[in-house]
Peer 1: 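Sharing a structure here in structure tokens format.
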Amino acid sequence: MHHNSLSVSTHSPSPALSPSLPHQTNHTPTPQSPQAIKSEPGTVKPEPMDTASTNSSNMLESSSTMQAILAFLKKNNLTSTEEQLKAELAKVQGGASAPTVQPDTEVGNVLAAYKSDDDPTSYEAAYSDLEVFVENSLDMYRHELALILYPVFVHMYLELVYNQHEEPAKHFIALFGPRQESYYQEDIKKLSFVTKKEHMKGNELMDNFNTSQFTVRMSRDTYTQLRQQKKHLSEKKHSLLWNVIQEHLYLDVYEGLPRSKSQIDSTAGAMTGEANRQANKAKVYYGLLREPDVAPLPQEEDEEGEDGDKPKKKKKKENILAKKSKNDPNAPIATRMPFPEMKDSDKMEKARAIRESYKRANLGPDNIPSICMYSLMNVSSRVTSVNISDDSSLVAAGFSDSIIKVWTLLPHKLRKLKSADALKDINREADDVLHRMMEETSGETSKSLVGHSGPVYGLSFNPDKSLLLSCGEDGVARLWSLQTWTCLVCYKGHMFPAWDCTFSPSGYYFATSGHDRTARLWATDQSQPLRIFHGHFSDVDCLAFHPNSNYVGTGSSDRSLRLWDCVTGNCVRLMTGHKSAVLCLAFSPDGRFLASGSSDRRVLVWDIAYGHLLAELSHHKSIISGLAFSREGTVLASSAIDSTIAVWDFAKLTNEAALEDVNVTHNPDVMKESEHMLLGNYRTKNTPVLHLHFTRRNLLLASGPFEG
């Protein structure tokens, strides 16, 4: 058996490549489940659910009741239910009392939209004509019009397959597929394997194209140009094209000038088109909650000489902290999300954090952070995840052989709790009761936790580092005690591998995400999830809690990011712009910005107040694997699996970003000249950097497996 050891090393240049995240397979997705909510004291209260069951016989008994129900649905923004109800009413009033037979039940009604009696050869001609029309239109409209080419291409191909024209379909995709944007090629390749009507069932990609309309945003003028296009095409071709557009595209038309190619490119690339404007309308309370009133611990006696002026300085800083926490107009009300009372140990930890923050290095262009690299040497199997506790005293690593290892980064060793009999004899009032509880002889520098039945993909310490959360291929989230070093609870909810898990910054709540395309919010004391966040069209690969714990951000293989409200369970932001799967997320300490890293080798920075993309940071040559903000938010660090770490000037970025252009109908201009934001870049010898973490004093810790 190999020996796992942990060594500290500094940088030295030399290239490295390593296997990255596991490839995700196409399982049949689980159907959208209703939110599983358990309403108990201390959990988030559910919203009223819609219970408008359409029963046509007694539906018309009283039209006033009907009006009341419709008003209720409208008030609670349950638009789809309202529309269905109106449609049902129309049927009943129209005397259509006979049950309507659903055509083609075996594939469901969504695919029935592909029924068409057209001649298979007319598709190619119609698509070529559309291409010519786009190519010949004026420059100012051309780029927005080009947005409809991809969704029309996909649905024409699917229509050919559905109507069993196999050869014309193959010819169609071979002819027009390579002409689509580079970031769609992977999807087109998957699509090309769907050649028979039977293949269309249960295919992840298919489900997405059918159940959701592809969103295309265009200006009113561009839309007018598109309508005029009817004149250019013969009757048959244009009906074919317009049927596809009306059935499968959602044209989000805005007033204003058409966008340029670079503006369009910056937000294009998601699986189902761009976010429409309605998706980012809801208000997000991104401000921070007031800090609890905790007196900082007395300063340690290690500052010699300047002892005299220390208290003065401390007092000043205390006021700054208090002032900062009082007036944040964008913060949610403190009771919006219920939390348990703070324990004494939490208060101690908070006080320790405040004391540490007094000694924090202020980072910036003139003061770049030092980096301490922890390399995992001689590991017996592949390292699949790494996490460092908030106070930087513990590091945990998950391995592909299902083992989790925890190391201490401090001189004192990891001890375990005494037996129950021995604990009875301890004086509970003693000051050092927490030390007395631990077995003196049991000290080790590392501990192993065994319980998962597959690779461990996610790890997270709770704020007071008494618990460790893990998740993996077996779909189970496990909560481990770091006092007894045993598994306390298994949370079963995900049907397929769980890719990530994270504790809320205040503890108690945690979130998991996985291959079943959902993220879930849990509380440590409940066995069922409190919220199921359903909306992504592919695996949810990563998640992060907002600093105020009211929101969870998720990144997905559908190339989009979403922000979810933990209280209502709604998706309040949808952000598109990545050209490949989103693999890591980090919120800025002030709660306003979100950074995301992807396998498209770029880091994107988002303003969650409006859902706008602010900047694109291109530097890494490989998959982004880690992101971290410094404690005061002036520096952003990113790492990639090619053994590089980049340090960015985030304060400069936010100063220069177009934060004021928020009333524009579309995204403000995205900053792409990222090299002048780069404060430094570093290489490790041969260690893909899987995790980044800033200590409370702003030392950057990095970690990964040495691949010599």
Side-chain angles (χ1 to χ4, degrees), residues 35 37-49 75-78 279-295 318-343 346-347 349-351 353-354 390 462-464 502-511 519-526 529-533 543-554 562-574 585 587-594 606-611 629 632-633 659 662:
Q35 292 190 351
I37 301 178
K38 233 178 150 182
S39 184
E40 284 179 23
T43 70
V44 186
K45 292 279 191 296
E47 287 283 281
M49 301 296 266
K75 182 179 159 217
N76 285 292
N77 218 354
L78 301 163
N280 292 329
K281 274 272 163 49
K283 180 165 171 53
V284 169
Y285 300 101
Y286 58 83
L288 303 188
L289 293 167
R290 236 196 112 170
E291 289 290 328
D293 292 327
V294 177
E318 226 167 325
N319 292 350
I320 291 171
L321 272 170
K323 205 189 282 162
K324 209 158 102 188
S325 59
K326 262 187 196 122
N327 39 15
D328 193 336
N330 299 306
I333 50 174
T335 52
R336 188 171 185 268
M337 185 125 175
F339 277 97
E341 281 290 295
M342 275 182 97
K343 301 196 295 285
D346 298 333
K347 288 182 177 161
E349 194 52 49
K350 196 90 210 157
I354 293 173
D390 183 63
N462 77 333
D464 70 358
T502 179
F503 258 110
S504 126
S506 322
Y508 185 62
Y509 296 105
F510 65 91
R520 290 160 196 252
L521 177 75
W522 311 72
T524 46
D525 58 6
Q526 306 212 4
L530 308 173
R531 293 287 179 273
I532 295 178
F533 303 126
L543 37 66
F545 258 98
H546 188 276
N548 68 21
S549 302
N550 279 247
Y551 299 94
V552 172
T554 53
R562 286 173 185 262
L563 187 71
W564 306 88
D565 186 337
C566 296
V567 179
T568 62
N570 296 336
C571 174
V572 289
R573 290 286 176 270
L574 167 57
L585 297 178
F587 281 97
S588 63
D590 64 2
R592 169 90 188 248
F593 304 102
L594 175 61
W606 312 84
D607 177 359
I608 58 173
Y610 303 97
F629 279 95
E632 77 294 1
L659 291 184
V662 289

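Below, all heavy atoms of this structure are taken into account, side chains as well, without hydrogens, waters or symmetry copies.
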Peer 1: In chain order, what residues pass the ring pair (Phe, Tyr, Trp, His ring centres under 6.0 Å) check against Phe587, with sequence neighbours excluded?
Peer 2: His546
Peer 1: With side-chain contact (heavy atoms from CB on, under 4.5 Å) as the criterion, how do Thr568 and Arg531 come out once you've worked through the C-alpha distance, each side chain's angles and the decisive distance to 0.1 Å?
Peer 2: CA-CA 9 Å; Thr568 62; Arg531 293 287 179 273; over 6 Å; no
Peer 1: With sequence neighbours left out, what residues match Phe533 under ring pair (Phe, Tyr, Trp, His ring centres under 6.0 Å)?
Peer 2: Trp564
Peer 1: Is Asn548 reaching over with its side chain to a backbone N or O of Asn550, donor-acceptor style, under 3.5 angstrom?
Peer 2: yes
Peer 1: Decide if the gap between the ring center of Phe510 and the ring center of Phe545 is smaller than 6.0 angstrom.
Peer 2: no
Peer 1: If the condition is side-chain hydrogen bond (donor to acceptor under 3.5 Å, both in side chains), which residues does Tyr551 pass it with, not counting sequence neighbours?
Peer 2: none
Peer 1: Measure the CE-CG distance between Met342 and Asp464 for me, rounded to the nearest 0.5 Å.
Peer 2: 10.0 Å
Peer 1: Looking only at non-hydrogen atoms, find the nearest pair between Thr554 and Ala519 and report the distance.
Peer 2: CG2-CB, 3.8 Å
Peer 1: Which heavy atom of Gly591 sits nearest a heavy atom of Pro547, and at what distance?
Peer 2: CA-CG, 4.0 Å
Peer 1: Salt bridge check, Asp565 against Arg336: does any charged N sit closer than 4.0 Å to a carboxylate O?
Peer 2: yes
Peer 1: Taking atom CG of Leu585 and atom CG of Leu563, what is their separation to the nearest 0.5 Å?
Peer 2: 10.0 Å
Peer 1: Pairs under 3.5 angstrom only: tabulate donor-acceptor contacts from the side chains of residues 279-286 to other protein residues two or more places apart or in another chain.
Peer 2:
| residue | atom | partner | partner atom | Å |
| --- | --- | --- | --- | --- |
| Asn280 | OD1 | Leu574 | N | 2.8 |
| Asn280 | ND2 | Leu574 | O | 3.1 |
| Tyr286 | OH | Asn330 | ND2 | 3.0 |

Peer 1: Could you report the tightest heavy-atom contact between Pro529 and Ile532, atom names first, then the distance?
Peer 2: CG-CG1, 4.3 Å
Peer 1: Should Tyr508 and Pro338 count as side-chain neighbours, where that means a heavy-atom distance under 4.5 Å?
Peer 2: no
Peer 1: I need the Glu349 CD to Ile354 CD1 distance, nearest 0.5 Å.
Peer 2: 11.0 Å
Peer 1: List the steps and the verdict of side-chain contact (heavy atoms from CB on, under 4.5 Å) for Ser504 and Phe339.
Peer 2: CA-CA 11 Å; Ser504 126; Phe339 277 97; 3.9 Å; yes
Peer 1: Give the minimum heavy-atom separation between Ala334 and Leu289, together with the two atoms involved.
Peer 2: CA-CD2, 3.9 Å
Peer 1: Evaluate the criterion side-chain contact (heavy atoms from CB on, under 4.5 Å) for residue pair Cys566 and Met337; output intermediate values, then yes/no.
Peer 2: CA-CA 8 Å; Cys566 296; Met337 185 125 175; 3.6 Å; yes
Peer 1: Would you indicate whether the side-chain heavy atoms of Tyr509 and Leu530 approach each other to under 4.5 Å?
Peer 2: yes
Peer 1: Which heavy atom in Ser506 sits nearest to a heavy atom in Pro463, and how many Å separate them?
Peer 2: C-CG, 3.9 Å
Peer 1: For Arg573 and Ile608, which heavy atoms make the closest approach, and how far apart are they?
Peer 2: NE-O, 2.8 Å
Peer 1: Using the side-chain hydrogen bond (donor to acceptor under 3.5 Å, both in side chains) criterion, which residues pair with Thr502? Sequence neighbours excluded.
Peer 2: none
Peer 1: Would you please name every residue forming a salt bridge (Lys or Arg N to Asp or Glu O under 4.0 Å) with Asp390, sequence neighbours left out?
Peer 2: Arg631, Arg696
